[in-house]
Asker: 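Handing you this structure, nothing more for now.
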Number of protein chains: 4
Amino acid sequence: MMQPVTAPRSLKEKQRQEREELILQAAEEVLTEKGYYDTSVDEIASRVGIAKGTVYLHFPSKEDLVIAILERNAQKLVDIVEATVASGSTNREKLESILLVVYSGFFDPRISHLMQLPYFVVNSSELRRVFVEKKGCMRDKWDRMEALIASILEDGKAAGEFDKTLPTPIMSSAFFSLLSPRSFERLNANEQIPLDEFVKQLGRFYFKGIAAV
Amino acid sequence: MMQPVTAPRSLKEKQRQEREELILQAAEEVLTEKGYYDTSVDEIASRVGIAKGTVYLHFPSKEDLVIAILERNAQKLVDIVEATVASGSTNREKLESILLVVYSGFFDPRISHLMQLPYFVVNSSELRRVFVEKKGCMRDKWDRMEALIASILEDGKAAGEFDKTLPTPIMSSAFFSLLSPRSFERLNANEQIPLDEFVKQLGRFYFKGIAAV
Amino acid sequence: MMQPVTAPRSLKEKQRQEREELILQAAEEVLTEKGYYDTSVDEIASRVGIAKGTVYLHFPSKEDLVIAILERNAQKLVDIVEATVASGSTNREKLESILLVVYSGFFDPRISHLMQLPYFVVNSSELRRVFVEKKGCMRDKWDRMEALIASILEDGKAAGEFDKTLPTPIMSSAFFSLLSPRSFERLNANEQIPLDEFVKQLGRFYFKGIAAV
Amino acid sequence: MMQPVTAPRSLKEKQRQEREELILQAAEEVLTEKGYYDTSVDEIASRVGIAKGTVYLHFPSKEDLVIAILERNAQKLVDIVEATVASGSTNREKLESILLVVYSGFFDPRISHLMQLPYFVVNSSELRRVFVEKKGCMRDKWDRMEALIASILEDGKAAGEFDKTLPTPIMSSAFFSLLSPRSFERLNANEQIPLDEFVKQLGRFYFKGIAAV
DNA sequence: GATGAATGAGAATTCATTCAT
DNA sequence: TATGAATGAATTCTCATTCAT
């Protein structure tokens, strides 16, 4: 009662947070390596060095754990994209830097997961159902990113940089499609193109495609 | 009397083919709904209205069944794309018609699966291993499609239609990225854009992006 | 009615018998190679070159098929032993020749099965139950052989050749124990002893053991 | 306080050992009753009163469980035989006491399994493969027993007790053949001979058979 | 809180047996 | 009569989840 509201509590709480973070990291790791079904709670726990049961003190189910990861990643992505956008001056620069950051992230494990993981995970009736139910969380963030891109595009149109006759949704949709690092992965497997060259040319193509006439 | 010699044989064989077709269809259905791991052989069988064991008379394992579906789909896709390309006259028309046929197929269940299924299925360490081993089959077909697109793009460059300074791999990679009907699905969920309008604008954007200067 | 009792009937019947014989042979072959559970009706049928269902026209179940084989083998063994005994003149010669014929048979596939098969097959609750029930058939033959051996031993005792103070059941039991070619198999794997030398020495040992004092 | 340091550890460990022992016992029981193939992991578990999955916490597979039983039994048998041999003074006494202990064990379930189980189990192509691979374990112990018997026989020969002209392998092979309690089982079913009388007479026969001339 | 042993539903696969053709 | 496709019970093994310690 007289206790400081956050002191002893928050010590425990901090430890708790740290452990949860470790679980999330380990889970993300295994998940990316093996996909949803080949990831066992056992392996996650043993990578963290804790017991299986402890995982369940933090997340009510394997499913919830995975959802938590995806949500967190979605948030991270939004943050990165928003920060990136803020750093660009022109509308084109803003979009270019998003392109660059996402593709660079392909080799930066802290970022590459953000785009890759959903592909690895989404394929399960269980999880898909959740995505629909959790619209409030996951979907929200995705929508926010789309809105951000759309606003940049609209700004560009208003400024006469981008083609007014091309519907913004098409522009935005194309932009997202080009963002998937899978294209580059496949490309890179066959012909060795340096990443920055790839991104540069992709940008050239994209901005020519949406350029005002 | 006038019957082909293979009559009695082919009767049995025809029934066998029909049943196999039913299994493949049911499996494809469940697979698309639920993904590889949540699809049980039991459910496939019961959708066809046969016993579990019967499935194993046609396919030695669940894995083989899925592989068969993917291979068949890859072949169908190649066939469709090749036929589509043949029907176009200019290089642009050829690519435009591929775009159209793939997106139209989105609502034609016989075609929509072709592009969607691999995404749902590929995410399992088991199956991914198979894809590497089966390179001779699956990968071959995919490579063939890429080669086809690339050759159209090269022709276009030679003819002065497309931008010679843009590397063909980038053009081709971008083209494939835009092909994924997922973009449209997401788009369509939010804003109601008619499919043909979507494809038309996407084509406009793409060809402006790769147009010769 | 007026038909010859055995003519058209017996043609069919003969073919039937022949086929049954083929089935029995194939089954015995596979059974010896793989044991009861690893032998599938499918494989038996395909070795004969007939359909699985046809096997069931001859034998109501896999179990019955195996029982039939064992019974037939028991009969063959009895026949061989009885013929062998008849050919010997002294009691010792009679037993010696049984020893020899059984061990020689170890390399004669037509005989080796007779002693080996029961060991391969008997280990299944199903079959053991049957052995008890079918006492009338299998057991009978075995008993008959034991009686035959016992009578030779009794004769030998009466003739003053064998030890009267050694109970016949012990003599007979020991004789049967020594008959199992498995001992020789194991022995032969380690140290290379020629079969006839083995049998000779085994006989020497046995007859010294039961010799009259 | 006075407790050994290993207390808490060893409590868990002890329980684990106890449960494992129960599983081994139940498995041995069912195995002896039904043979390898008719023994299901389910039944073993339900005899112990635990869930199927729990069996797999102790043994990675049904096969491993059975191997564990056989190895343990082989070890027990070796131990018993070695102890028995040590207690005898003359070479004859040593062999006699082995005979006695194995046959007595026929009614002592803790011992009878040792000789019976291999016969019930070995007949499965699966397991036979394992026996070859695991030569280092199972076979080793069997070889050790054979070596022990052989050395007793050799000693007896050197001491002038046993027949020098009879090859040791034949003597040893005959001894092992006579050891199989199956002979007695059959005998006992027909004529009621007391066990110790049986063993006494069998010994008389055997030692007369190998006696020096 | 943390643990990890125990659970048991569920999945893939096999194969003796049946029966329509 | 012969066939072999179809059946489905049974088996092994896995793993998310629970709960007594």
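So you know, we letter chains A, B, ... as the sequences are listed, proteins then strands, and number each from 1.
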Asker: Among dA5(F), dA12(E), dT3(F), which is the nearest nucleotide to the side chain of Y56(B)?
Answerer: dA12(E)

Asker: Under 4.0 Å from OP1 or OP2 of dA5(F): is there any side-chain N or O of T54(B) that close?
Answerer: no

Asker: Grab the CG-C1' distance between D42(A) and dG4(E) for me, whole Å please.
Answerer: 9 Å

Asker: Below 4.5 Å, heavy atoms only, C-beta onward: do R19(D) and I23(D) meet side chain to side chain?
Answerer: yes

Asker: For R19(D) and K52(D), take the nucleotide of DNA chain E holding the closest heavy atom to each; which residue's nucleotide lies nearer the 5' end?
Answerer: R19(D)

Asker: Is the shortest distance from a Lys or Arg side-chain nitrogen in R72(A) or E21(A) to a carboxylate oxygen in the other one below 4.0 Å?
Answerer: yes

Asker: Is there a Watson-Crick or G-U wobble partner for dA2(F) with both distances under 3.5 Å, and which nucleotide is it?
Answerer: dT21(E)

Asker: Report the distance from atom CD of E43(B) to atom C1' of dA9(E), rounded to the nearest whole Å.
Answerer: 16 Å

Asker: Quick one: does V66(B)'s side chain get under 4.5 Å of F59(B)'s, heavy atoms only?
Answerer: no

Asker: Using whole Å, what does the distance between atom C1' of nucleotide dT13(E) and atom CD of E63(B) come to?
Answerer: 14 Å

Asker: Is there a Watson-Crick or G-U wobble partner for dA9(E) with both distances under 3.5 Å, and which nucleotide is it?
Answerer: dT14(F)

Asker: Between K52(D) and E43(D), does any side-chain N to carboxylate O distance fall below 4.0 Å?
Answerer: no

Asker: Let's test your reading of the model: under 3.5 Å, does the base of dT17(E) pair with the side chain of K62(C) as donor and acceptor?
Answerer: no

Asker: Round to the nearest Å and state the distance from I44(A) atom CD1 to dC15(F) atom C1'.
Answerer: 12 Å

Asker: Which nucleotide in the list dT7(E), dA12(E), dT1(F) gets nearest to the side chain of L57(C)?
Answerer: dT1(F)

Asker: Nearest-Å distance, CD1 (I23(A)) to C1' (dT3(E))?
Answerer: 13 Å

Asker: So which nucleotide from dA16(F), dA12(E), dT11(F) ends up closest to the side chain of S40(B)?
Answerer: dA12(E)

Asker: Are any of the side-chain nitrogens in R47(A) or E33(A) under 4.0 Å away from the carboxylate oxygens of its partner?
Answerer: yes

Asker: Consider the side chain of R16(A), meaning its heavy atoms from C-beta on, and name the nucleotide among dG1(E), dT3(F), dA5(E) that approaches it most closely.
Answerer: dG1(E)

Asker: Is any side-chain N of the basic residue among E18(D) and K12(D) closer than 4.0 Å to the acidic one's carboxylate O?
Answerer: no

Asker: What integer distance in Å separates D38(C):CG from dT11(F):P?
Answerer: 15 Å

Asker: Does G49(C) or S61(D) map to a spot on DNA chain F nearer the 5' end, using the closest nucleotide for each?
Answerer: G49(C)

Asker: Roughly, in whole Å, what's the span from CD in E20(B) to C1' in dA6(F)?
Answerer: 15 Å

Asker: D64(C) has an atom CG; how far is it from atom C1' of dT17(E), in whole Å?
Answerer: 13 Å

Asker: If you only use heavy atoms from C-beta on, which nucleotide in dT7(F), dT3(E), dC13(F) is closest to the side chain of I50(A)?
Answerer: dT3(E)

Asker: Go nucleotide by nucleotide along DNA chain E from the 5' end; which of T39(B) and T39(C) gets its closest nucleotide reached first?
Answerer: T39(B)

Asker: Base, sugar-phosphate alone, or nothing: which one does H58(B) contact when heavy atoms must sit under 4.0 Å apart?
Answerer: sugar-phosphate

